[in-house]
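Reckoned from all heavy atoms, side chains included, excluding hydrogens, waters and symmetry mates.
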Amino acid sequence: MIFDVTAPGLTAPALADRLVRCGERRDIPAIYNACDIVMLTSRSEGSPNAVAEAMACGVPCVVTDVGDAAQLVGASGDVAPVGDAVALAEAALRLVHDHPRRSERGQTARARIQAHYSAPHERGAYDRLW
């Protein structure tokens, strides 16, 4: 990742040498499919589309308890309180070190999206509402 640290008072983040700036991507399913875990560490959120997209690709998610994130992941993911970096790290490490659990959570995540958030399901919910 390239950081412009020429502005007064700016320094490169500590992880700068470990990050890659990708720019605009059109192959998002391939990006998610390359992930073992997706984490949402937001302090504020509505309905996190990135989490739903990862789940649709069968990637388990660790999220902070913001907006609809906990409802979205349900039992397929782990939820940590906002600002609790230790809880986020512990949840991620449980999945990192337990491949069978990570795989099962990914399958559960994909099934959850298909069952509750697919286009036909959303259309039916919209029709019922109106």
Side-chain angles (χ1 to χ4, degrees):
M1 183 170 221
I2 300 170
F3 292 93
D4 179 8
V5 293
T6 58
L10 292 182
T11 58
L15 295 176
D17 62 333
R18 298 181 187 177
L19 303 173
V20 176
R21 198 173 209 169
C22 296
E24 181 179 341
R25 299 294 296 252
R26 297 186 181 269
D27 58 342
I28 297 304
I31 300 291
Y32 285 125
N33 286 324
C35 296
D36 292 319
I37 299 167
V38 166
M39 292 183 72
L40 174 79
T41 61
S42 295
R43 294 186 171 277
S44 169
E45 193 72 52
S47 184
N49 289 338
V51 171
E53 291 167 353
M55 291 172 65
C57 290
V59 180
C61 297
V62 176
V63 301
T64 47
D65 193 5
V66 292
D68 291 336
Q71 178 183 340
L72 183 62
V73 298
S76 76
D78 285 291
V79 182
V82 173
D84 191 342
V86 172
L88 281 168
E90 288 173 346
L93 286 173
R94 279 191 300 271
L95 292 174
V96 166
H97 294 300
D98 189 346
H99 185 296
R101 181 179 188 199
R102 187 172 69 237
S103 178
E104 181 235 318
R105 286 282 183 96
Q107 292 170 9
T108 302
R110 181 167 169 73
R112 181 168 176 76
I113 290 297
Q114 289 174 327
H116 301 288
Y117 299 97
S118 65
H121 183 271
E122 294 293 320
R123 164 104 194 255
Y126 180 81
D127 288 346
R128 287 187 299 279
L129 176 66
W130 291 103

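Contact check for R101 versus L95: side-chain heavy atoms found under the 4.5 Å cut-off. Using a 4.5 Å cut-off on side-chain heavy atoms (C-beta onward), D78 and R105 make contact. Contact check for I113 versus L72: side-chain heavy atoms found under the 4.5 Å cut-off. The closest side-chain heavy-atom distance from P100 to E104 is not below 4.5 Å.
Of all non-hydrogen atoms in G58 and P60, the two that sit nearest each other are O-CD, 3.8 Å. Considering all non-hydrogen atoms of both residues, A92 and M39 come closest at CB-SD, 4.0 Å.
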What do the steps show when you test Q107 against S103 for side chain to side chain contact (heavy atoms under 4.5 Å, CB included), and what is the final call? CA-CA 6 Å; Q107 292 170 9; S103 178; 3.6 Å; yes
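In this structure, V62 is a member of the same hydrophobic cluster as V96, with clusters built from ILVMFWY side-chain heavy atoms closer than 4.5 Å. Under the 4.5 Å side-chain heavy-atom criterion for ILVMFWY residues, a single connected hydrophobic cluster contains both V73 and L40. Hydrophobic clustering places V82 together with V79 (ILVMFWY residues linked when any side-chain heavy atoms are closer than 4.5 Å, directly or through intermediates). Both V63 and M55 are members of a single hydrophobic cluster when ILVMFWY side chains are connected at heavy-atom separations under 4.5 Å.
Residues satisfying the salt bridge (charged side-chain N to carboxylate O under 4.0 Å, His left out) test with R26, not counting sequence neighbours, are E24. Applying the side chain to side chain contact (heavy atoms under 4.5 Å, CB included) rule to Q71 yields the partners D68, Y117; only residues at least two apart in sequence or on another chain are considered.
Here the CG-CZ distance, from D36 to R102, works out to 4.5 Å after rounding to the nearest 0.5 Å.
Using a distance-only test at 3.5 Å, with no hydrogens or angles considered, no donor-acceptor pair links the side chain of D98 to the main chain of R94. At least one donor-acceptor pair closer than 3.5 Å links the side chain of T64 to the backbone N or O of S42. Side-chain atoms of R110 come within 3.5 Å of backbone atoms of A56 as a donor-acceptor pair (strictly under, hydrogens ignored).
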